[in-house]
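This report concerns only the one structure given below.
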Amino acid sequence: MHHLIRYGSEAAVIAALLLLFLVPVQEEDWTEYRVEAGNHDFRPNDFPAPHFGADHYTADLTFTPSCWWSQEDTDYTGGRDIYDWNKIGGMTNFFNSNSTHSVMLGWRPAATANTIEVTAYINPKEGRFVTGPVLQIPVNRPLHAEIKWASDTVYYEYGNLSFSYAIPKPWSIRKIGPWFGGNQPAHREMFLKMQAQLD
């Protein structure tokens, strides 16, 4: 009987640990990233630590209505910069800027009201970028996305879309957080909710 009780207790502990790691974090526990009008950087910032051997970026996020606007909005004066890709986050070489040798997810407002476009966004080198297929998702709808960076190719999964691109993986990785722009800073306060991880 003693062994049965002990076994049952150990089984309960193991089951609890499995639930802890397998049950996804609820949206209300996600971090709120906010950019102020006139700025590019969403806050809070991630500490720029090197991750040796990291190759997998995952993000669960929701765009709020503040992330959608149109060229007709009276507070928007950026013209065609509305077509620039803002950044959700991703990975880069620890020693480079975010615009060099980086693999990210991009977003921008769609033509349809309260809808966001999301794409794979890759900077093979400074001053050049490559994008993947475009996903349209309504605001307030959760999105799951993953980036897997193998030795010489990066693989994307976001929504029901996938994309791959040949780009060598650096030996030291840095996590990239959300960024507005393009060239123009945010014309108003915007925020999104996200749980992102690098491993």
Quick check: is F191 connected to M194 through a chain of hydrophobic side chains (ILVMFWY, heavy atoms under 4.5 Å apart)? no
Salt bridge (Lys or Arg N to Asp or Glu O under 4.0 Å) between R108 and E117: does it pass, once the steps are laid out? CA-CA 5 Å; R108 66 188 180 190; E117 294 186 340; 2.8 Å; yes
Does a salt bridge link K148 with E146, judged by any charged N lying under 4.0 Å from a carboxylate O? no
Qualifying residues under side chain to side chain contact (heavy atoms under 4.5 Å, CB included), relative to D152, sequence neighbours excluded: none
Treating K175 as the side-chain partner and H51 as the backbone partner, does any N or O pair qualify as donor plus acceptor under 3.5 Å? no
With respect to S102, which candidate in I122, N96, N123 satisfies the side-chain contact (heavy atoms from CB on, under 4.5 Å) definition? N123
N/O donor-acceptor pair under 3.5 Å between T119 side chain and V134 backbone: no
With F180, which residues qualify under ring pair (Phe, Tyr, Trp, His ring centres under 6.0 Å), at least two apart? W69
In this structure, which one of L192, N114, T64 forms a side-chain contact (heavy atoms from CB on, under 4.5 Å) with V139? N114
Taking every heavy atom of M190 against every heavy atom of C67, the minimum-distance pair comes out as SD-CA, 4.2 Å
Not counting sequence neighbours, which residues clear side chain to side chain contact (heavy atoms under 4.5 Å, CB included) with P44? List them please. T31, Y33
Give a yes or no on whether R188 atom CZ has more than 12 heavy-atom contacts from other residues, nucleotides or ligands under 6.0 Å away. yes
Which is it for W107 and F63 under the ring-ring contact (aromatic ring centres under 6.0 Å, His included) test, yes or no, and what are the steps along the way? CA-CA 10 Å; W107 70 274; F63 294 98; 5.3 Å; yes
Sequence neighbours excluded, which residues qualify as salt bridge (charged side-chain N to carboxylate O under 4.0 Å, His left out) partners of E157? none
Quick one: sort the Y156 and Y158 rings into parallel, tilted or perpendicular, breaks at 30° and 60°. perpendicular
Just so I know, are the side chains of Y57 and Q197 near enough to count as touching, which here means a heavy-atom distance under 4.5 Å? no
Given the rule in the side chain to side chain contact (heavy atoms under 4.5 Å, CB included) test, do M91 and R174 qualify, once you have shown the distances and angles that lead to the verdict? CA-CA 6 Å; M91 298 178 276; R174 176 170 52 81; over 6 Å; no
On a heavy-atom basis, the closest approach of W30 and P142 is CH2-CB, 4.2 Å
Check side chain to side chain contact (heavy atoms under 4.5 Å, CB included) between W179 and all other residues, then give those that pass, not counting sequence neighbours. H40, D41, K87
Under the side chain to side chain contact (heavy atoms under 4.5 Å, CB included) rule, collect the residues that match up with P170, sequence neighbours excluded. N93, H101, W149, I173
